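Notes to accompany the following structure.
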Amino acid sequence: MAHLRQLHAALVKSSLAKDPIAASRAVAFCAGEGRDAAYAARLVRHHPKPNSFMWNTAIRALSDGPGQDAAVALFLDMLRSPTPPERRTFPSLFAAYARLGRADDGAALHGMVLKLGFAGDEYTRNSMISMYASCGRADEALALFGQCQAFDVVACNSAIVALSRAGRVDEARTVFDGMQARTVATWSAMVSAYSRAARCQDAVDLFSAMQADGVEPNANVLVSVLGCCASLGALEQGAWVHAYIDRRGVAMNALVVTALVDMYCKCGSIHKARQVFDTSRLQGFAVLSSWNTMMLGLAAHGQWQEALALFSELETP
C-alpha cells in the first residue's frame, strides 16, 4: 500500500489521477483482499468524476470487510453524485445491511430497487432474500423467493435459512427436499436448522445422508453435527466425525476444536477431550472458548485439581 500511495501521488502530480482508467485500476487495487478499502473510498471521493465501477468496487470492499457502515455512507455520497446507482451497486449494500441487522433500512433500499426497475435482477433479488433471511424477516424473504421464475439454488438456501430462523423447520425441510440440486451450503443450512431447533437426531441423520450423497461437509456442518452428538451422548458418531476430519485433512479452526472438546467431554471421554485440547494448543488453535470448555469438562468429571491447574496455566502470561 505504501508503494501505491507513492504511485497515486505521482499520478496526481501528472494529472493522470483524473483519468478514469488509471483511477479505476487504483481503486480496484486498494479494494483487493487484505488491502485498504478505506483508502479506495478516499480515492473515489476525491476523484472529480468517479464512474460506477469505482463506486461499486469501493462499496463492495467496505461491505465485505468490517466497514459496513462506511459502505452505506459511501452509497449515500454516490446518491449525491452525478453517477446513479445501477444493478451491481445493490447486492453489496444488502449484504452490509444483513451484517448490521438493519432490516428496516434494507427494506427502504428494496423500495429503491423497485423504483429503479432492478427487482428482476437475479443477483439483486438473491441479496435481498439473504438480507431478510439473516434479519429474521421470513415472510419478506419468502415473498421474494416466490417470485423466482426458475430454480435458483442460492435463493433456496436463503429460504431455508429464513424458515429455520423463524422456527419453521419442517417448511425448511420441504424446500430442501424439493430442490433439483444442492450445494454444501444447502446441506449446511438444513443441518444447522435442525441443530438450532434441538432436533439433534434429525441433524445427525441428515449428515449421514449427506455422506451417502458424496458431499464434502464444511466446518459449519461439522460443528453443528458435533454439537448434536454432544447433546445425544453419541460418542461413536462423534468419534467418527473426528476421524473423518483427520482422514480428509479438514482444516482445523477454533470452532471445530471447541466442538470436538465439548463433544468428548459431554460423551464421557475426558481423556480424548484433553488429547484434542493439548494438540490444538501446540498447533495454535485453542482460544478462550476451548480453554473454558476443557476446564468445565474436567470439573464436570470431578477432576477439579486438573481444572484449576489448567486455569492457572491460562492466567500465566
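Being a predicted model, the structure only gives us computed values, none of them experimental.
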> Is there a side-chain contact between I270 and M294, using heavy atoms and a 4.5 Å cut-off?
Replying inline: yes
>> To the closest 0.5 Å, what do you measure between CZ (R165) and OG (S134)?
In response: 5.0 Å
> Are the charged groups of E122 and R87 less than 4.0 angstrom apart, N to O?
Replying inline: no
> With a 4.5 Å limit on heavy-atom distance, are the side chains of L116 and M112 in contact?
Replying inline: yes
> After noting the C-alpha distance and the side-chain angles of R88 and D121, does the key distance pass the salt bridge (Lys or Arg N to Asp or Glu O under 4.0 Å) rule?
Replying inline: CA-CA 9 Å; R88 284 166 291 195; D121 178 71; over 6 Å; no
> Tell me, do L144 and H110 make a side-chain contact under 4.5 Å, heavy atoms counted?
Replying inline: yes
> Heavy atoms, side chains only, cut-off 4.5 Å: are M78 and P85 in contact?
Replying inline: yes
> Going by the angle between their ring planes, with limits at 30° and 60°, are F75 and F90 parallel, tilted or perpendicular?
Replying inline: perpendicular
>> I want to check something: taking the side chain as every heavy atom from C-beta on, are P217 and Y244 in contact at a cut-off of under 4.5 Å?
In response: yes
> Does W55 have R60 sitting over its ring (NZ/CZ under 6.0 Å from centre, angle to axis within 45°)?
Replying inline: no
>> Within the 4.5 Å heavy-atom criterion, are N51 and M54 side-chain neighbours or not?
In response: yes
> So how far is it from S92 OG to L62 CG, rounded to the nearest 0.5 Å?
Replying inline: 9.5 Å
>> Looking only at the aromatic ring of each residue, does the gap between the centers of F311 and W291 stay below 6.0 angstrom?
In response: no
> Under the 3.5 angstrom rule, does the side chain of S269 hit a backbone N or O of H271 as a donor-acceptor pair?
Replying inline: no
>> Could you go through V241 and M263, starting from their C-alpha distance and side-chain angles, then the distance that decides it, and tell me whether this counts as side-chain contact (heavy atoms from CB on, under 4.5 Å)?
In response: CA-CA 11 Å; V241 174; M263 182 275 295; over 6 Å; no
>> Please enumerate all residues that pass ring-ring contact (aromatic ring centres under 6.0 Å, His included) together with F94, with sequence neighbours excluded.
In response: none
>> Would a single hydrophobic cluster contain both F277 and L288, if residues Ile, Leu, Val, Met, Phe, Trp and Tyr are joined by side-chain heavy-atom contacts under 4.5 Å?
In response: yes
>> So which atom in K272 and which in Q275 form the shortest heavy-atom distance, rounded to 0.1 Å?
In response: NZ-OE1, 2.8 Å
> R196 and S164: side-chain contact (heavy atoms from CB on, under 4.5 Å), yes or no, with the steps?
Replying inline: CA-CA 8 Å; R196 190 180 296 111; S164 65; 3.4 Å; yes
> Which value, rounded to the nearest 0.5 Å, describes the distance between L114 atom CG and M128 atom CE?
Replying inline: 6.5 Å
> Is N157 close to R182 at the side-chain level, that is, under 4.5 Å between some pair of heavy atoms?
Replying inline: no
>> Assess the residue pair V256 and V250 against the criterion (side-chain contact (heavy atoms from CB on, under 4.5 Å)); give the C-alpha distance rounded to whole Å, side-chain angles, the decisive distance to 0.1 Å, and a yes or no.
In response: CA-CA 10 Å; V256 175; V250 176; 5.8 Å; no
>> Assess, by modelled atom type and distance only, whether the side chains of N220 and S192 contain a donor and an acceptor separated by less than 3.5 Å.
In response: no
> So, T293 versus T258: side-chain donor-acceptor pair below 3.5 Å or not?
Replying inline: no
Indicate every side-chain donor-acceptor pair of residues 203-212 with a distance under 3.5 Å to a residue at least two apart or in another chain.
unit_1, atom_1, unit_2, atom_2, d
D205, OD1, Q201, NE2, 2.9
S208, OG, V204, O, 3.2

> Should R99 and D69 count as an ion pair when the cut-off is N to O under 4.0 Å?
Replying inline: no
> Of all residues at least two apart in sequence or in a different chain, which pass the salt bridge (Lys or Arg N to Asp or Glu O under 4.0 Å) check with R137?
Replying inline: D104, E140
> Where is the tightest heavy-atom contact between S188 and N218, given as atom of each residue plus distance?
Replying inline: OG-OD1, 3.8 Å
>> Can you confirm whether the side chains of Y264 and R274 place a donor and an acceptor under 3.5 Å from each other?
In response: no
> Only one of D152, V175, V153, I129 clears side-chain contact (heavy atoms from CB on, under 4.5 Å) with S158; which?
Replying inline: I129
>> I'd like to know if the side chain of H301 reaches the main chain of G297, judged simply by a donor and an acceptor atom lying under 3.5 Å from each other, with no hydrogens or angles considered.
In response: yes
>> Using the rule given for salt bridge (Lys or Arg N to Asp or Glu O under 4.0 Å), can you reason through R173 versus D170, listing the C-alpha separation, both sets of side-chain angles and the distance that settles it, and then say yes or no?
In response: CA-CA 5 Å; R173 182 59 190 260; D170 289 331; over 6 Å; no
> Would S127 and T124 count as having a side-chain donor-acceptor pair, cut-off 3.5 Å?
Replying inline: no
>> Just so I know, are the side chains of L296 and C265 near enough to count as touching, which here means a heavy-atom distance under 4.5 Å?
In response: no
